[in-house]
Amino acid sequence: MNKYSSKAVKTAATVGMSLAMVLSAATPVLAATPDVCSTTGTVDCGRTVYNAILDKLGDTTFADSNMDDALKITAADGKTKVTIYEAIEANAADLATFRTSLSYGDAYKNVTKMLDFNSAMTAAFGAGYSSLADVTSTTVGGYVATYLATDYTTTKTDAKSKLSDLKDDKKAMTGIMGGDFEVLLNRAQTVLEDILEISSDDYDADLADFYDAFSKVLENDLDGKNTILNADEHSITGLGTVTDETKDKDDKDKKYEVTKVTLSSKSAVKGRINAIKDATDYDQFKDEDLVISLIDTYQDVIDNIGNITDIASTDAYKAYNKTKTDDEDKTVKSFLVDFFKGETNLKYGKVDANGKYVAGTNASTAKEEAKAVAKVLDNEQWAILKDLKEEVLDSVWSFETSKVGNYYRDKSDFNSYVSAAQKSIIMDNVPGFLLKVVDTETGEFGYDYVEAHMDAFNEALDAVTTGIAKITPANIKTTDKAALEAAEDAIYELYYNKGKYVNNLTDKELKTVRQADTKITNLREAFDNLGTTAVAGWYDMGNGNWGYNNEDGTPAAYKWVASGSDWYMIKDGKMLRNTWLATDGGRWYYLDNAGKMVTNQSVDGCWINSYGVYMSPSYNG
């Protein structure tokens, strides 16, 4: 992002202004601004001014009106025409008196906005600011010269201070400053920046210095370390004390010792954000993505502190500790405690005499523990554990690894903003193997291993349910081979003694799988008989349904079949019944309960002709 606003650059280019032009421009002669009403200092006078302004603004907002606005207000003398800005400046006291008579509402807010604008403009340019005839002319406005009356070419410190004041003026008038005033202030800003010789190269270098200094502070904050920075022109206000670490006591060699902040304290982190905003040159760089990212990172820390202020109050943690699952009639925490209790050889999942988890260090043993838990969790328990991971553990624990050669090194730990109390809650109540790398070759954490197992289990469950839901022995086709084989592989893992997932099923799921086993057996028998026992032509499928095979015994895909004088439609080997059938050109046919094409009668209010056709491109059945 360039330091110049688009309006400032455009104005500078159009006007072709230079410092000499600005400083040599004559101060404009200010005409006296007549009052809009003759009786000043009264509520009625302020009301008259306010109503006159509103009448002239019409649909235009105050901030969009300009000093050279053609909409004029008639002054008290009945002759003079003044702009709304002249009316506000000349009658500010009357408007203030009128505001005292108002309760809070639209009128109160509108008058306040006008008075705030007047105060800001008066502070920036002094009395008479509203009399500038035309700030959009190609001749540099005299008010820029007035605003920059000091010879800033020899006093750059004053120019820097003035530039900061100007930016504050612009901020104060956000939302209440007309376009022409904005052009005026942008001109002044451009002149000051030229005086200070703020070139693009200098700007980029200064931005880099600013960002580098604070990004180092941020990095050390997140790592829980103090920071040593060389003192530079971007004085880091409020971040630490300057210490002299050199023998020659050269100011340039002095360094800031930045004390680390406690990232579990919102006020401490907010203090760091405020220190960045108070630093020299922050206003110049605050709109840059790099600087915004610094603030955003600290804000993320604050948000995380908010998310984990009370782990025990989160819905996920409550469910883990208090919700009893149907099949086990106990909480997930209790289930895991009972599972590991007495297993003294375990390292990560071991439970002590008080029912608290004891974390170990043996990755291979931790993997065995992850395997053991994965084999016995059911879907109801898994949903609770998954919520705990996503809502709580991800907020307090960094699941990090680093690769060294062909192996992964465990770098996981509590995040720096987690308090000691929060750490105790996690370590005493959550199996340690979930938080540690259990496979150094893949970098998998214990939780990752459990998640992979449960995902595979649910894929198998889907294969024997939704995967074959629409397939029956009567309609099975050769194209169903892959779905049938996937179901056969899955049913073995779900239902038979040596299967991987036999202990993951809830009681309800077990019933479903038992039914699926019978269905899969029947589907296999029907599939194996395809093309051998199937005969050409019609065959009874039961319940009023009929199938039709081609001459080679394969089910007819899509065709009309005649039987005597009647016609029937076959789709995927099965006769259609009780349904409308759309064909090209807007032709619709209706097949009755016996599957016969209907002719010479009305169905659903639609007349079908002797050819069995109802013509309607728009009919939607």
Side-chain angles (χ1 to χ4, degrees), residues 315-316 318-343 346 349 351 366-391 393 430-431 433-434 438 444-473 476 480 482-525 527:
D315 291 339
K318 288 179 181 177
Y320 176 72
N321 278 270
K322 297 182 179 180
T323 300
K324 293 183 178 181
T325 60
D326 292 336
D327 289 358
E328 297 295 336
D329 193 29
K330 62 177 64 175
T331 67
V332 175
K333 176 189 172 183
S334 296
F335 176 82
L336 293 175
V337 167
D338 291 345
F339 184 80
F340 287 114
K341 191 175 292 183
E343 297 291 336
L346 298 180
V351 178
K367 185 174 182 178
E368 294 304 314
E369 294 167 13
K371 284 183 178 181
V373 170
K375 288 180 179 179
V376 297
L377 279 183
D378 63 35
N379 261 336
E380 192 178 2
Q381 294 171 318
W382 168 237
I384 292 173
L385 189 61
K386 187 175 182 180
D387 284 346
L388 178 74
K389 161 69 162 54
E390 294 175 353
E391 187 176 337
L393 299 183
V430 178
F433 73 85
L434 292 173
V438 299
E444 282 183 304
F445 286 83
Y447 178 86
D448 296 331
Y449 192 91
V450 175
E451 180 179 44
H453 178 92
M454 294 305 295
D455 286 348
F457 158 64
N458 279 294
E459 287 179 11
L461 192 58
D462 287 341
V464 302
T465 53
T466 57
I468 57 172
K470 295 182 180 180
I471 307 175
T472 67
I476 194 167
D480 294 322
L484 176 59
E485 291 180 345
E488 289 174 325
D489 291 341
I491 201 69
Y492 175 83
E493 301 294 354
L494 290 164
Y495 193 55
Y496 293 95
N497 289 337
K498 294 183 179 181
K500 297 177 183 177
Y501 313 123
V502 291
N503 294 319
N504 294 121
L505 295 165
T506 63
D507 289 344
K508 184 177 180 180
E509 289 168 344
L510 179 59
K511 293 177 182 178
T512 300
V513 169
R514 185 180 296 118
Q515 294 169 352
D517 184 45
T518 301
K519 179 178 181 179
I520 292 167
T521 300
N522 293 335
L523 289 178
R524 168 51 66 184
E525 181 179 355
F527 184 84

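Every heavy atom of this structure was used, including side-chain atoms; hydrogens, water molecules and symmetry mates were not. This one's a predicted model, so the numbers in the text were calculated from it and none came from an experiment. Positions are given from 1 along the sequence.
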Can you tell me how far [atom2] of [Y] sits from [atom1] of [X], rounded to the nearest 0.5 angstrom?
{"X": "Asn522", "Y": "Lys519", "atom1": "CG", "atom2": "NZ", "value": "10.0 Å"}
{"X": "Leu461", "Y": "Glu493", "atom1": "CG", "atom2": "CD", "value": "13.0 Å"}
{"X": "Glu390", "Y": "Leu385", "atom1": "CD", "atom2": "CG", "value": "10.0 Å"}
{"X": "Leu388", "Y": "Lys318", "atom1": "CG", "atom2": "NZ", "value": "14.0 Å"}
{"X": "Asn503", "Y": "Lys375", "atom1": "CG", "atom2": "NZ", "value": "9.0 Å"}

Side-chain heavy atoms of [X] within contact of [Y], under 4.5 Å:
{"X": "Lys498", "Y": "Tyr492", "value": "yes"}
{"X": "Met454", "Y": "Asn379", "value": "yes"}
{"X": "Tyr495", "Y": "Leu505", "value": "no"}

Please answer whether the main-chain N or O of [Y] pairs with a side-chain N or O of [X] as donor and acceptor at a distance below 3.5 Å.
{"X": "Lys371", "Y": "Tyr449", "result": "no"}
{"X": "Lys330", "Y": "Asp338", "result": "no"}
{"X": "Asp448", "Y": "Phe445", "result": "yes"}
{"X": "Asn504", "Y": "Leu377", "result": "yes"}
{"X": "Glu380", "Y": "Asp326", "result": "yes"}
{"X": "Asp327", "Y": "Asp507", "result": "yes"}

Hey, what's the ring geometry for His453 with Tyr501, parallel, tilted or perpendicular (30° and 60° as the breaks)?
perpendicular
Quick check: are there more than 12 heavy atoms from other residues, nucleotides or ligands sitting under 6.0 Å from NZ of Lys386?
no
For Gln381, which of Val373, Val332, Thr331, Thr506 qualifies under side chain to side chain contact (heavy atoms under 4.5 Å, CB included)?
Val332
What is the minimum heavy-atom distance between Val464 and Ala490, and which atoms define it?
CG1-CB, 3.8 Å
